[in-house]
Amino acid sequence: MSDLEKLVEETAVELLRIAATELPDEYVEEMNSLMGETRGAVGKAQLKNILEDADIARKNSMPMCQDTGIVAFMVKLGDEFPLRSELKKILVEATKIATEQVPLRPNAVDMFKGNTGNNVGLNGYVPIIYWDVVPGDNLEIIAMPKGGGSTNVAASRMLKPGLGIKGVKQFVVEAVAKAGSLGCPPYFVGVGVGGGEDLCMKLAKNALLKPFKVRSEKKEVAAIEEELYRKLNELEIGAMGLGEGPSVMDVHMEMAARHPASLPVGVVISCWALRHAKATISPDGEVRIDTSV
Ligand code: SF4
């Protein structure tokens, strides 16, 4: 293994450790301020528990939740970065190492043989790796492990195009109302519109990682995000689904063109533990880690 390969592997392990154990500061700050605004004692207590948990996890470098998620990486590979096809093997290996070292709960199940025990499997599909080849010579890796509880409340629907934006908003509200307490709110909600049955879900997942509390630069989309944020909080699901405190921390929407006959909508929901960490690696081995994405 070359020095650069080793560095990428170690960095990916570190990203998985950070993601599992350090809730990003901006979420902690927002939850603290929402706790101050929460009137009911039950809602306050839930937020306090989450914040204490996040604090203990960070101080002791221990996972903030027993479900450390299914491992995913979003990779932006500069077309002049020296490593290419080797990267998948490196990220798979990093996942195995992180499973032992962090440790991460083994969350990859072979339907016929049971848990693979190392968060890797089957047929090269897990860890999930999303590739994007971009100009430049840097490698950017985002580790984004996602828990099963909030993954189970994801939703997608092929709407009739005539329903338009009104139909999209209605579906998102329905999906989050149906999620209720099941995915450990307060939620982060990603909405993907357009593309097709697969791309709308990918767009929704990408939307989760848009900068926290920063609205879309497109004013029509920003207005929808703002309206959804308000409407979803009016559902009063509350912290951990107990009816008090915030239901939703943020909402982002990502759009692609759609087929004239289709209006695909994807809703990807994250629990309060929206875990991610990003590293940018230069060809000469400089590593910059950023937890705010
Ligand atoms: S939904 Fe999130 S907080 Fe709840 S158990 Fe799963 S990973 Fe943990």
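Whatever order the structure lists them in is the order used to number ligands and atoms, beginning at 1. Index from 1, following the sequence.
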Kindly confirm whether atom 8 (Fe) of ligand 1 is within less than 2.8 Å of some N/O/S atom in Cys65? yes

So which heavy atom in the protein is nearest [atom], and how far is it from that ligand atom?
{"atom": "atom 2 (Fe) of ligand 1", "value": "Cys271 SG, 2.4 Å"}
{"atom": "atom 7 (S) of ligand 1", "value": "Arg275 NH2, 3.0 Å"}
{"atom": "atom 4 (Fe) of ligand 1", "value": "Cys184 SG, 2.3 Å"}

[Y] versus [X], side-chain donor and acceptor atoms under 3.5 Å:
{"X": "Thr151", "Y": "Lys146", "answer": "yes"}
{"X": "Tyr229", "Y": "Lys213", "answer": "yes"}
{"X": "Arg58", "Y": "Thr21", "answer": "no"}
{"X": "Asn119", "Y": "Thr99", "answer": "yes"}

Contact check, Gln66 vs ligand 1, heavy-atom distance below 4.0 Å: yes

Could you tell me whether ligand 1 has any atom less than 4.0 Å away from a heavy atom of Arg105?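 No, Arg105 has no heavy atoms under 4.0 Å from ligand 1.
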
Taking 4.0 angstrom as the limit and counting only heavy atoms of [X], give me the atoms of ligand 1 inside it, by number and element.
{"X": "Asp67", "result": "6 (Fe), 7 (S)"}
{"X": "Gly147", "result": "7 (S)"}
{"X": "Ser150", "result": "1 (S)"}

Between Lys146 and ligand 1, which part of the residue brings a heavy atom under 4.0 Å of the ligand: side chain, backbone, both or neither? neither

In Å, rounded to the nearest 0.5 Å, how long is the span from CD of Glu244 to CG of Leu47? 10.0 Å

In Å, rounded to the nearest 0.5 Å, how long is the span from CG of Leu104 to CZ of Arg17?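 With rounding to 0.5 Å, CG (Leu104) is 11.0 Å from CZ (Arg17).
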
Applying ring-ring contact (aromatic ring centres under 6.0 Å, His included) between Tyr27 and each of Phe188, Tyr187, Trp272, report the one that passes.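 Checked Phe188, Tyr187, Trp272 against Tyr27; only one passes ring-ring contact (aromatic ring centres under 6.0 Å, His included): Phe188.
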
